Trainee: 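Quick one: this structure, given as structure tokens, is what I'll be asking you about.
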Amino acid sequence: MQRLPLSYIKPGMKTYEEVIDANGRVLCGKGVELTADHIKRFEEFGVSFVTVEGNPVKLPWEKDLEEELKELEKRFEGITDENLLEIKRLFKEFLIEKYQESQSSENNSNENKE
Amino acid sequence: MNLNPLEKRKLVKKKLRKLEGLPTFPPIVQRLNLMIEDEDSSIYQIAELIEKDQVITTKILKLANSAFYGFPKKVSTVQNALMLLGVNVVKVLIVTSSIFEIIYREDVGLWEHSIGVASCSKILAERVGLKDPQEVATTGLLHDLGRIVQRVTFKEDYKKILELVKNGKDPLQAEKEVLGIDHAEIGSFLMRTWNLPDRLVETVDAHHDLKRTKKFKKEAAVIHLSDILIHVRGYGTSLYQKIPPLQQEALKVLKLNLFEIKDIFFKLEPRLYELKFFTEELRREMEVSS
């Protein structure tokens with residue numbers, strides 16, 4: 001999943017969540033492959049960011065799962081508080097789900113290309 | 001001159017009271033205060049006053065459009081910002097606008113930490129049903145104000161604090177040892193000197209120790225937990241190299257089950273992307289202007 005400024009959004013990207021305008025109106029559903037028309041419509045309705053599936057854009061600050069997990073362990077070195085360790089476990093679950101989504105979306109787009 | 005912590009504390013407060021080494025208020029603040037106190041003034045009139053100051057207007061709109069408030073559509077006028085954020089939040093932003101630039105310039109890690117906490121506070125405030133999530137987000141933005149004051153106004157002492165932390169001392173303990181006062185108290189002291197609303201002042205004061213507030217426990221618990229979640233996420237940096245201690249009371253006060261926190265991480269992630277782009281944009285603007 002990536003949330004990107006509208007200027008980064010290109011036809012063919014797939015929405016990860018609904019695209020909503022200021023009045024809470026849904027402009028586009030979840031899992032929709034975007035077309036130039038969609039993007040034009042978002043512009044007209046003043047949408048500034050769209051969340052898309054996978055990692056279609058290379059962002060310099062993004063880390064891979066391995067790096068994320070390694071740094072997480074470092075931040076938790078010596079921590080024994082049970083609640084904090086539970087939060088860590090939940091965060092790990094979140095990370096793994098986030099990266100799985102990116103992975104599977106990548107596989108899908110590869111399949112589409114073939 | 002080697003002062004003991006108690007003497008040092010007095011000295012720090014004296015300096016803060018005189019606002020030594022801190023940016024001065026935009027001239028508009030005094031008139032704005034009068035206008036806000038006057039019940040007859042309308043949002044339209046307040047907007048008109050603010051718009052006379054182009055620099056402040058630009059800053060306010062930039063902050064109103066940042067991801068930590070998370071409005072889906074562009075906030076394009078001051079009147080709009082006043083309606084969406086409330087008069088009080090806009091006032092806080094005007095009073096503290098020059099501080100944000102200092103945070104960004106002096107310590108990008110702390111800047112990212114602060115906007116991350118603001119964003120997470122908004123999400124948590126909504127989740128637990130606090131009535132003014134924008135105000136809570138604004139408190140999140142300011143929660144480590146004391147840290148930047150230490151860095152800018154008490155440079156030598158700050159170096160000593162860093163040294164102690166590097167050698168494994170708890171950051172709050174290190175601050176108290178060197179300055180006789182920690183960043184939560186410095187921040188809230190300054191905010192009180194600036195006449196900011198009690199709810200913000202007390203919440204900042206209690207964000208590491210919920211016992212320090214009676215009236216605003218929930219707000220303080222939201223900031224406390226957000227601070228920890230942003231450390232867990234690894235967004236930005238603060239003096240804590242490890243996850244800061246969690247006060248169990250925070251979960252009780254918020255009546256939050258731990259398993260709900262996973263959903264908070266999912267809600268937070270898209271916001272953090274927006275904040276990265278926001279920070280990038282600021283960097284480019286600063287480069288152009290310098």
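Lettering follows sequence order; numbering is per chain, from 1. Bear in mind that the values here come from a model prediction, so they are computed numbers and not experimental data.
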Trainee: Between Arg233(B) and Phe94(A), is any pair of side-chain heavy atoms under 4.5 Å apart?
Mentor: yes
Trainee: Look at the rings of Phe277(B) and Tyr8(A) and say which category their plane angle falls in: under 30° parallel, 30 to 60° tilted, over 60° perpendicular.
Mentor: perpendicular
Trainee: Looking only at heavy atoms, which two atoms of Leu90(A) and Ile261(B) are closest? And how far apart?
Mentor: CD1-CB, 4.3 Å
Trainee: If the threshold is 4.0 Å, N to carboxylate O, is there a salt bridge linking Glu86(A) and Lys262(B)?
Mentor: no
Trainee: Between Leu72(A) and Val232(B), what is the shortest heavy-atom contact and its length?
Mentor: CD1-O, 3.7 Å
Trainee: So which part of Ile79(A) gets closer than 4.5 Å to some heavy atom of chain B, the side chain, the backbone, both or neither?
Mentor: side chain
Trainee: Below 4.5 Å, heavy atoms only, C-beta onward: do His231(B) and Arg75(A) meet side chain to side chain?
Mentor: no
Trainee: Below 4.5 Å, heavy-atom pairs only: which of Phe76(A), Tyr16(A), Trp61(A) has the largest tally toward chain B?
Mentor: Trp61(A)
Trainee: Which atoms form the tightest heavy-atom contact between Thr51(A) and Pro270(B), and what is the distance?
Mentor: OG1-CB, 4.4 Å
Trainee: For Gln2(A), which atoms come within 4.5 Å of any heavy atom of chain B: side chain, backbone, both, or neither?
Mentor: both
Trainee: I need the residue from Lys88(A), Glu68(A), Glu71(A), Lys74(A) with the largest number of non-hydrogen atom pairs under 4.5 Å to chain B.
Mentor: Glu68(A)
Trainee: Using every non-hydrogen atom in the two residues, find where Asp81(A) and Leu246(B) come nearest and quote the distance to one decimal.
Mentor: OD2-O, 4.0 Å
Trainee: Quick check: do Arg3(A) and Glu269(B) have side-chain heavy atoms less than 4.5 Å from each other?
Mentor: no
Trainee: Quick one, Lys98(A) and Phe265(B) - any side-chain contact, counting heavy atoms below 4.5 Å?
Mentor: no
Trainee: Which region of Leu59(A), side chain (C-beta onward) or backbone (N, CA, C, O), has a non-hydrogen atom less than 4.5 Å from a non-hydrogen atom of chain B, or is it both or neither?
Mentor: side chain
Trainee: Can you say whether Phe45(A) sits under 4.5 Å from chain B via the side chain, the backbone, both, or neither, judging by heavy atoms?
Mentor: backbone
Trainee: Given heavy-atom pairs under 4.5 angstrom as the criterion, report whether the side chain, backbone, both or neither of Phe49(A) touches chain B.
Mentor: side chain
Trainee: Quick one: do Glu62(A) and Tyr273(B) satisfy side-chain contact (heavy atoms from CB on, under 4.5 Å)? Show the steps, please.
Mentor: CA-CA 10 Å; Glu62(A) 267 184 329; Tyr273(B) 274 87; 2.3 Å; yes
